[in-house]
Student: 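Okay, handing you the structure first.
Keep in mind that what you see is a predicted model, and the values were worked out from it rather than measured.
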Amino acid sequence: MALEPAARPKLLMASRNKGKLLELRKLLEEIPVDILTAADFPWLPEVAEDGQTFQENAARKAQETARGSGILTIADDSGLEVDALGGQPGIHSARFAGEPADDTRNNRKLLELLRDVPPSQRTARFICTIAVATPAGELYFARGACEGIILEEPRGSGGFGYDPLFYIPYLQKTFAELSVEEKNPVSHRGRALQQAVTIIRQLIKGEDKND
């Protein structure tokens with residue numbers, strides 16, 4: 001009698017952001033896991049992102065989701081830090097212009113605040129912290145950053161959030177002008193996930209040994 005193939009391990013992405021999920025799925029293709037999202041667990045409540053740092057928010061999302069689902073979970077918190085604004089919008093990036101979160105209004109507010117700031121002082125960076133949590137409570141972190149400049153008007157139609165305004169000088173393009181394949185190797189999220197992949201692989205190996 002033929003043996004049925006062993007079930008692949010599962011990995012849950014604690015996010016409902018479609019743009020973010022698209023990037024994460026692409027980056028996780030190399031890992032032999034079945035990827036689930038928060039949409040697969042509609043009964044799980046949304047986790048409040050009321051921490052004071054990216055790491056606090058990522059940790060809370062990952063731990064509470066892993067505990068509620070019983071599945072190895074990754075969660076990220078990311079945002080834009082603009083030097084001329086003292087690091088704003090930072091952890092408030094998604095709702096910079098208020099509720100509900102809206103990319104267009106956020107970008108409009110950012111441009112208004114930087115209206116009189118010259119190009120040489122419009123330096124900024126995207127920051128991403130990824131938390132990997134096991135149902136048993138283990139917690140691991142990965143971090144990535146990408147330096148750039150905030151343009152005076154949007155360019156490009158791809159990406160999401162502040163991508164049309166975030167210009168990378170050495171590429172001479174905004175994030176919104178890059179394909180997913182071009183963006184992932186250089187983005188804050190891509191760099192953080194490269195580290196997280198190593199963590200996830202090690203955790204999966206540990207699960208296999210315990211089976």
Side-chain angles (χ1 to χ4, degrees), residues 13-27 37-39 46-58 60-61 75-130 143-193:
M13 296 189 295
S15 177
R16 291 179 170 83
N17 182 308
K18 292 182 179 179
K20 185 183 295 186
L21 289 172
L22 176 65
E23 291 182 4
L24 289 172
R25 279 189 181 279
K26 191 70 178 177
L27 286 160
T37 73
E46 286 203 46
V47 180
E49 298 181 38
D50 52 6
Q52 298 302 305
T53 64
F54 295 121
Q55 182 164 310
E56 285 181 16
N57 285 333
R60 185 170 300 171
K61 284 189 287 187
D76 89 300
D77 194 39
S78 54
L80 180 69
E81 295 181 345
V82 180
D83 293 323
L85 301 180
Q88 290 188 80
I91 60 172
H92 305 295
S93 293
R95 294 167 177 79
F96 191 38
E99 296 282 2
D102 183 272
D103 292 346
T104 300
R105 291 193 298 116
N106 287 340
N107 285 330
R108 190 182 301 129
K109 178 176 180 177
L110 180 61
L111 289 177
E112 178 63 25
L113 291 174
L114 294 175
R115 182 175 52 185
D116 299 322
V117 179
S120 62
Q121 297 177 27
R122 297 169 77 97
T123 53
R125 69 205 49 82
F126 271 120
I127 302 290
C128 175
T129 296
I130 289 179
R143 185 180 184 277
C146 182
E147 299 286 334
I149 295 170
I150 304 301
L151 296 181
E152 295 179 352
E153 59 183 27
R155 278 175 40 180
S157 58
F160 60 99
Y162 300 95
D163 285 1
L165 295 176
F166 190 78
Y167 179 79
I168 305 175
Y170 75 90
L171 292 178
Q172 298 185 340
K173 290 182 178 180
T174 67
F175 267 177
E177 294 176 302
L178 300 176
S179 67
V180 172
E181 290 77 14
E182 292 173 319
K183 180 182 176 183
N184 280 341
V186 300
S187 77
H188 52 306
R189 188 169 294 108
R191 290 171 173 169
L193 200 57

Student: Taking the side chain as every heavy atom from C-beta outward, state whether Arg191 and Cys146 have any atom pair closer than 4.5 Å.
Tutor: yes

Student: Quick test of your reading: applying side chain to side chain donor-acceptor pair (under 3.5 Å), list the pairs with at least one residue in residues 111-123, sequence neighbours left out, ordered by first then second residue.
Tutor: Asp83-Thr123, Glu112-Arg115

Student: For the backbone of Ile130 and the side chain of Arg189, can you confirm whether one donor and one acceptor N or O come within less than 3.5 Å of each other?
Tutor: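 Here the side-chain-to-backbone pair does not exist.
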
Student: Quick one: does Asn184's side chain have a donor or acceptor within less than 3.5 Å of a partner on Gly190's backbone?
Tutor: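 No, the answer is negative, given that no donor and acceptor are paired below the 3.5 Å cut-off.
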
Student: NZ of Lys61 to CG of Asp76: how many Å apart, nearest 0.5 Å?
Tutor: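 These two atoms lie 5.5 Å from each other.
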
Student: Could you give the distance from CZ (Phe166) to CZ (Arg155), rounded to the nearest 0.5 Å?
Tutor: 13.5 Å

Student: Show your working on side chain to side chain contact (heavy atoms under 4.5 Å, CB included) between His188 and Ile127 and close with a plain yes or no.
Tutor: CA-CA 6 Å; His188 52 306; Ile127 302 290; 5.9 Å; no

Student: Measure the CD-CD1 distance between Glu81 and Ile91 for me, rounded to the nearest 0.5 Å.
Tutor: 10.0 Å

Student: Which residue pairs pass the side chain to side chain donor-acceptor pair (under 3.5 Å) test with at least one member in residues 160-172, sequence neighbours excluded?
Tutor: Asp163-Lys183

Student: Output, in order, the C-alpha distance, side-chain angles, deciding distance and verdict of side chain to side chain contact (heavy atoms under 4.5 Å, CB included) for Val117 and Ile150.
Tutor: CA-CA 10 Å; Val117 179; Ile150 304 301; over 6 Å; no

Student: Does the Lys173 side chain pair with the main chain of Ile168, one donor and one acceptor, at a distance under 3.5 Å?
Tutor: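 Absent.
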
Student: Treating Thr129 as the side-chain partner and Phe54 as the backbone partner, does any N or O pair qualify as donor plus acceptor under 3.5 Å?
Tutor: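 Not confirmed, Thr129 side chain does not pair with Phe54 backbone.
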
Student: Considering all heavy atoms of both residues, which atom of Arg105 and which atom of Ala97 are nearest to each other, and what is their separation?
Tutor: NH1-O, 2.8 Å

Student: Side chain of Glu182, backbone of Leu178: donor and acceptor closer than 3.5 Å?
Tutor: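 Judged by distance alone, no pair lies under 3.5 Å.
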
Student: Where do Ile149 and Pro169 come nearest, in terms of heavy atoms and distance?
Tutor: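 Residues Ile149 and Pro169, closest heavy atoms: CD1-CG, 3.7 Å.
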
Student: Applying side chain to side chain donor-acceptor pair (under 3.5 Å), which residue pairs with at least one partner in residues 88-101 are found, sequence neighbours left out?
Tutor: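 The answer is Arg95-Glu99.
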
Student: Would you name the heavy atoms of Ala38 and Ser15 that are closest together and state the gap between them?
Tutor: CB-O, 3.5 Å

Student: Are there over 12 heavy-atom neighbours, none belonging to Glu181, within less than 6.0 Å of that residue's CD?
Tutor: yes

Student: Look up atom OG1 in Thr174 and atom CG in Leu165, then write down how far apart they are to the nearest 0.5 Å.
Tutor: 8.5 Å

Student: Look only at the side chain of Asn107 and the backbone of Gly161, and say whether a donor-acceptor pair between them is shorter than 3.5 Å.
Tutor: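 Yes, because the side chain of Asn107 sits within donor-acceptor range (under 3.5 Å) of the backbone of Gly161.
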
Student: Quick check: closest heavy atoms across Ala58 and Ala75, and the distance to 0.1 Å?
Tutor: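 The answer is O-CB, 3.7 Å.
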
Student: Return the minimal non-hydrogen interatomic distance between Pro89 and Val82, and the atom names on each side.
Tutor: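 Scanning both residues, the minimum pair turns out to be CD-CG2, 4.3 Å.
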
Student: Check Gly156 against Pro164 and note the closest heavy-atom contact, atom names and distance.
Tutor: O-CB, 4.3 Å

Student: Over 60° means perpendicular and under 30° means parallel, so tell me whether Phe126 and Phe175 are parallel, tilted or perpendicular.
Tutor: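 Aromatic pair Phe126/Phe175 classed parallel.
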
